[in-house]
Amino acid sequence: MHWVTSFLLAFATSSDALIRFQCSQLVRERLDPLVSPGLAPSPHVHQIVGGNSFNVTMDPEKDMPGESTCTTCQFSQDFSNYWTAILYFRARNGTYKRVPQIANSGFAGATGGGMTVYYMQDPLYDTAQKSKVTAFKPGFRMFVGDLAARTKAQATRFRQLTYTCLETMGTRDHETVAFPAHPCNTGIMTSLRFPTCWDGINLDSPDHMAHMSYPESGTFESAGPCPASHPVRTSQVMFEVIWDTAQFAHEEWPEDGSQPFVWSFGDATGYANHGDYVFGWKDDSLQKILDQPCYVNCNGTDLGKTQSIADMNKCAGLPEVVHEDIDGWLTELPGGHQASYQ
Ligand SMILES: *[C@@H]1O[C@H](CO)[C@@H](O)[C@H](O)[C@H]1NC(C)=O
Ligand SMILES: *[C@@H]1O[C@H](CO)[C@@H](O)[C@H](O)[C@H]1NC(C)=O
Ligand SMILES: *[C@@H]1O[C@H](CO)[C@@H](O)[C@H](O)[C@H]1NC(C)=O
């Protein structure tokens, strides 16, 4: 029985949390308190999940978790906000229609589809999750991606902002950095993985990225070391968002064979995939979770309170600040954008 004891000891001393949870949609509108604070409307439409203190401006000095009264995420202590642009279908006549979202398998019923959020210490396929990581601090926020990227070279500056052409809900291979070039039976999933090395000092930076870095050599997946400039290893935050592009299968697609989906800011290539994160876990609840041995299904682990999808949905539907039609057949994307490959 000796191996049992050793195993338990090893288990107790390692820090091996990987959590994966769903968040319902809080609101869809043209607001971006990270990149365009104070601007209502901001330049393009987003879909936002998380704490209900999300607003036009989110002062990093303020206590965000303290201001939120609920969250659309499964962990009731997570008042963070997570957001991305939204996808539109472009018809042959040049008009646009918003592509609805669907929740990942197992999370059916989440309002607006929402998104699945991960915090991992090591790659998803590594069930040991042995690396030690530091949770983010109050006021922390970050961005990943480049709105101006229209070529593969520009997009590959970022690791792993990808698309998966879903044959079924379970498809997880053949990720691409451009939009899938052919119809996808079940939809398109975007996966956004944030950098994992923090400078240890700044909660934000002018481009919302410079305070974070990828590993100096290797990758997060290969446990590459963080550079001296950004020595603090954080958990990898990942979003998965599923777009119900299959709804448009009956529509006429472009005659030239090009693909008919476009980001809400006009990118028709897919290379400008990007995401925003504003940390808002209550007190040290995220660090406590990361320090618990737990892998995806965290039943039996003391992770604090979680809520049902019905309760998450009760927090959804934040009153709109910007009033405009984002759902009809539109002659231009909200904010005046047109689909473009450049
Ligand atoms: C959002 O901010 C506006 C002012 O910019 C304020 O009037 C409104 O009450 C805020 N909404 C919430 C939910 O805090
Ligand atoms: C454009 O095409 C869409 C999709 O076929 C259709 O629903 C819409 O009514 C059309 N709009 C105009 C102005 O023809
Ligand atoms: C936790 O366990 C209970 C009872 O076995 C089960 O009903 C529930 O679905 C489990 N939750 C998760 C997230 O696996």
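Positions are given from 1 along the sequence. Numbering of ligands and ligand atoms starts at 1, following listing order. As a basis for the values below, the full set of heavy atoms in this structure was taken, side chains included, without hydrogen atoms, waters or symmetry mates.
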State whether any protein heavy atom lies less than 4.0 Å from atom 14 (O) of ligand 2. yes
Going by the 4.0 angstrom heavy-atom rule, the piece of Glu251 near ligand 2 is side chain
Where the side chain of Arg150 meets the backbone of Leu147, is there a donor-acceptor pair that is under 3.5 Å apart?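 Such a contact is found between Arg150 side chain and Leu147 backbone.
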Given 3.5 Å as the limit, does a donor-acceptor pair link the side chain of Thr176 with the main chain of Ala178, or not? yes
Ligand 2 atoms in contact with Ala91 (distance to a heavy atom under 4.0 Å): 2 (O), 4 (C)
For residues Asp267 and Ser340, is any side-chain donor paired with an opposing acceptor at under 3.5 Å?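 No, no side-chain donor-acceptor contact under 3.5 Å.
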For atom 7 (O) of ligand 2, which candidate among Phe89, Trp329, Phe248 provides the closest heavy atom? Trp329
Identify whether the distance between the nearest side-chain nitrogen and carboxylate oxygen of Glu251 and Arg90 falls below 4.0 Å.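 Looking at Arg90 together with Glu251, the answer is no, because their closest N to O distance does not fall below 4.0 Å.
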Among all protein heavy atoms, pick the one closest to atom 12 (C) of ligand 2 and tell me residue, atom and distance.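 In this structure, atom 12 (C) of ligand 2 has Asn93 ND2, 3.2 Å as its nearest protein heavy atom.
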So if I apply the salt bridge (charged side-chain N to carboxylate O under 4.0 Å, His left out) rule between Lys132 and each of Asp291, Asp16, Asp122, which one comes out positive? Asp291
